[in-house]
Number of protein chains: 4
Amino acid sequence: MSRIDKKQAILDTALTLFVSQGFYATSTASIAKKAGVATGTLFHHFPSKEALINHLYLSIKQEFADAIQSKISQKGELKTDAQNLWQVAINWAMENPLKQEFFQQYSMSPSIASEVRLQAMNSILGFMGQLIKQGQKAGVLADYPLSLMLESCHGQYLAATRYFIDNPTSWKDEEYKRSSFAMFWNAMKA
Amino acid sequence: MSRIDKKQAILDTALTLFVSQGFYATSTASIAKKAGVATGTLFHHFPSKEALINHLYLSIKQEFADAIQSKISQKGELKTDAQNLWQVAINWAMENPLKQEFFQQYSMSPSIASEVRLQAMNSILGFMGQLIKQGQKAGVLADYPLSLMLESCHGQYLAATRYFIDNPTSWKDEEYKRSSFAMFWNAMKA
Amino acid sequence: MSRIDKKQAILDTALTLFVSQGFYATSTASIAKKAGVATGTLFHHFPSKEALINHLYLSIKQEFADAIQSKISQKGELKTDAQNLWQVAINWAMENPLKQEFFQQYSMSPSIASEVRLQAMNSILGFMGQLIKQGQKAGVLADYPLSLMLESCHGQYLAATRYFIDNPTSWKDEEYKRSSFAMFWNAMKA
Amino acid sequence: MSRIDKKQAILDTALTLFVSQGFYATSTASIAKKAGVATGTLFHHFPSKEALINHLYLSIKQEFADAIQSKISQKGELKTDAQNLWQVAINWAMENPLKQEFFQQYSMSPSIASEVRLQAMNSILGFMGQLIKQGQKAGVLADYPLSLMLESCHGQYLAATRYFIDNPTSWKDEEYKRSSFAMFWNAMKA
DNA sequence: CATGAATGAGTGTTCATTCAT
DNA sequence: AATGAATGAACACTCATTCAT
């Protein structure tokens, strides 16, 4: 196993254990053991357990942002774009349930340094903010305060993924898919 | 200080410390000290630290449910009722920011036994479920799957309180108040 | 074993182990085990290993100062007083070889906080300083700079106890006893 | 940087760090880093951390012995020779404060193997022993037991250098210089 | 020779919990 | 019921040392 493999093995194992047992109930020793490395190796790559979870948080947020932005295109028809975005975002969650679960658990938790949380939030919200402003200019979206809309979007997304991850078959059901987008869209439309 | 006072002091202090430092970063000794009781006393009232936070969770959820249900009345006009409900619910959060923050942090956290979480959830959602079903029968609310709507409601509520607790002055601003309800209502309306 | 007994057992054991193995080679666990208490108990009485050795250092210095000052009397004839002082001080060292060894090892070591070292030093040196000044005024002692004389006294005392502890039978030999005092006294006399 | 340069860099850095932080508080990694070499390199030159400090101790003792012996000459007048010796020895300490401080800290510490300490001691004391014996034969020095006098000399030297290193300007003051030698000499003279 | 990633035994310290008073 | 000293398992983290490159 190469250097990079070891680092990745630590990150992967940490993700699994943090989600299934929680941050504090997961000892660094157990991460190292399950990842197949020595305890010291974990601390060779990450200066502390805190640094490990922060790194995990940021890298997953980045991975999510990259996945979304690479797959959506703006063709002009905003509702279609939004529908596409919603589908891609929830698809990502369905394909990465562990990572999504990680967000659900740690987005509000004091285990993640608040500055890290902010930094991650802004990278995504900047992008969403642009979209919403465009929609408002075009008269398609309601003129609610931007920051409130962003928080609402985020809340709806968390709620929808929570639901579909707990009930994965529903995501294959067109009625559920359509309903979830409808609630998301109607909340914001003009 | 009487028995009951001591028990309450422990609960109050635990709430404050769990929210500001997190469950695992808060030692039972520090709770006892700040509450002005001996370390052993905490364990006379609660068999374990886990039992303490579970008790806290359930009692706050109950307090919330009581506060809501005592203040809303169903006059027949569903939208007005909903508006009233939304306002009452967010008011409660604004008046009890520590308790609301506690929900935000622990609703998704493995610190709370999942059965306790479910139990608390159902007591509130049962009530909400009734309201939504009525609205659908009356043709005022859209016919989306009930469980999905409940999750969405919950998500919107969490998002809104998150926002207003972070920006308390906005809750005095009619535009923000109206906007937040509009998003909540439009998401669900027929 | 009572509370105080446990604390004392910890101090006694720490003294023995610190002297025989050194501060860093002595684990807190080994101190606790040999003292017959749990590891946590050590930290119940001393907030840290550092605090333990500092406490040890100060309490032994105090014990030495008390022992000396209780046994010497100033009759006016300074040389006789000095001889008495020298004998009492070395006797103390011979009767407390562990404590003397502790000084030898830790008086110069960075294991003891420098402020603690200073504090201890001053309590003894204040007393010695008085004696020397009296001797100078009486014309019995040479008019060397006081601080230099104090350092020299200390050095002679450390050297003598080092020697007699390594060669305990010599302390019963009048020639050695007389010689050691002669060097001490002649160094300072007018 | 050549092999020898690297080895010297390691020794120099080790000296600095051992003195300023203590042996156990100085990690081999920190020595290597500050010396500008890899961690493994340190272990190419010294089989262990222990070996490193022992080497350091012996080489500095040797350096001291060489410096002293190269600069003193025995002209016959013992007091003058002694004065010269005292001055040269303290001068060396003043010019090599780090190395002197190293002795102060480690001469009594268990960090240095006791056999190494003895070996170093004897190389110097052998030389001093000769001088004292000559002085006694010539009737200039008192007939105290030799081993006791050697220990006393050493103690006075340590005390004097401690003082002058802490108060470097005093060493330029003739009064202090004269006083320190006077105490040293009077202690031993016949 | 030189490197630095990897190792894993060992450390100081914490803390939920117990129990004699 | 209330206390707080005592417990000891568990933890995050360190570090001298090794060895493949």
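Chain identifiers are assigned alphabetically (A, B, ...) following the order of the sequence lines, protein sequences preceding nucleic acid strands; residue numbering begins at 1 within each chain. Please read all numbers here as calculations on a predicted model, not as lab measurements.
Interface remark: the His44(D) side chain does form a donor-acceptor pair with the dA2(E) base, using a distance-only criterion of under 3.5 Å. Counting distance only, with no hydrogens placed and no angle test, the side-chain atoms of Thr39(D) and the base atoms of dA16(F) include no donor-acceptor pair under 3.5 Å.
Residue Lys49(D) places no side-chain N or O under 4.0 Å from the OP1 or OP2 atom of dT14(F). Dashed line: the shortest gap from a side-chain N or O of His45(C) to OP1 or OP2 of dA6(F) is under 4.0 Å. Contact annotation: Lys33(C) does not reach the phosphate of dT7(F) (side-chain N/O to OP1 or OP2, under 4.0 Å).
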request  = For Leu98(D) and Glu101(D), run side-chain contact (heavy atoms from CB on, under 4.5 Å): C-alpha distance rounded to whole Å, both residues' side-chain angles, the deciding distance at 0.1 Å, then the answer.
outcome  = CA-CA 5 Å; Leu98(D) 226 48; Glu101(D) 181 73 16; 5.5 Å; no
ask   = For Leu52(C) and His45(C), what are the C-alpha separation, side-chain angles and deciding distance, and is it a side-chain contact (heavy atoms from CB on, under 4.5 Å)?
value = CA-CA 9 Å; Leu52(C) 170 58; His45(C) 289 287; over 6 Å; no
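Look at CG on Leu42(D): it is 14 Å from P on dC1(E), rounded to the nearest Å. Distance, Phe46(C) CZ to dT14(E) C1': 18 Å, rounded to whole Å. In this structure, Leu52(C) places its CG atom 10 Å from P of dT13(E), rounding to the nearest Å. Rounded to whole Å, the distance from CD1 on Ile31(B) to P on dG4(F) is 17 Å. Spacing between atom CD1 of Ile10(C) and atom C1' of dG12(E) amounts to 15 Å, rounded to whole angstrom units. Rounded to whole angstrom, the span from the CG atom of Asp5(A) across to the P atom of dA20(F) amounts to 18 Å. Lys7(A) places its NZ atom 15 Å from the P atom of dT7(E), with the value rounded to the nearest Å.
The aromatic rings of Phe102(B) and Tyr57(B) lie tilted to each other, with the angle between the two planes from 30° to 60°.
For Thr28(B), the listed nucleotide lying nearest its side chain is dA16(E); candidates were dA16(E), dT3(F), dA16(F). Closest to the Thr41(D) side chain, of the nucleotides dA2(E), dT3(F), dC13(F), is dA2(E). Ranking dT3(E), dC15(E), dA2(E) by closeness to the Ala38(D) side chain, first place goes to dT3(E).
When the nearest nucleotides of DNA chain E are assigned to Val37(D) and Phe43(B) by heavy-atom distance, the more 5′-ward of the two goes with Val37(D). Between Glu50(B) and Glu50(C), the one whose closest nucleotide on DNA chain E sits nearer the 5' end is Glu50(C). Annotation: of the two residues near DNA chain F, Phe23(A) and Ser48(D), the 5′-most nearest-nucleotide partner is Phe23(A). When the nearest nucleotides of DNA chain F are assigned to Tyr24(A) and Ala25(D) by heavy-atom distance, the more 5′-ward of the two goes with Tyr24(A).
Side-chain contact between Pro110(C) and Gln105(D): present, with at least one pair of heavy atoms (C-beta onward) separated by less than 4.5 Å. The shortest distance between side-chain heavy atoms of Lys49(D) and Phe23(D) falls below 4.5 Å. By the 4.5 Å heavy-atom criterion applied to side chains, Ile31(B) and Phe18(B) are counted as neighbours.
Nucleotide dA5(F): paired with dT18(E) (Watson-Crick or G-U wobble, both distances less than 3.5 Å). In a base pair of the Watson-Crick type (N1 to N3 plus N6-O4 or O6-N4) or a G-U wobble (N1-O2 and O6-N3), with each distance short of 3.5 Å, dT13(E) is matched with dA10(F).
Residue-level contact check: Ser30(D) touches neither bases nor backbone, having no heavy atom under 4.0 Å from any strand.
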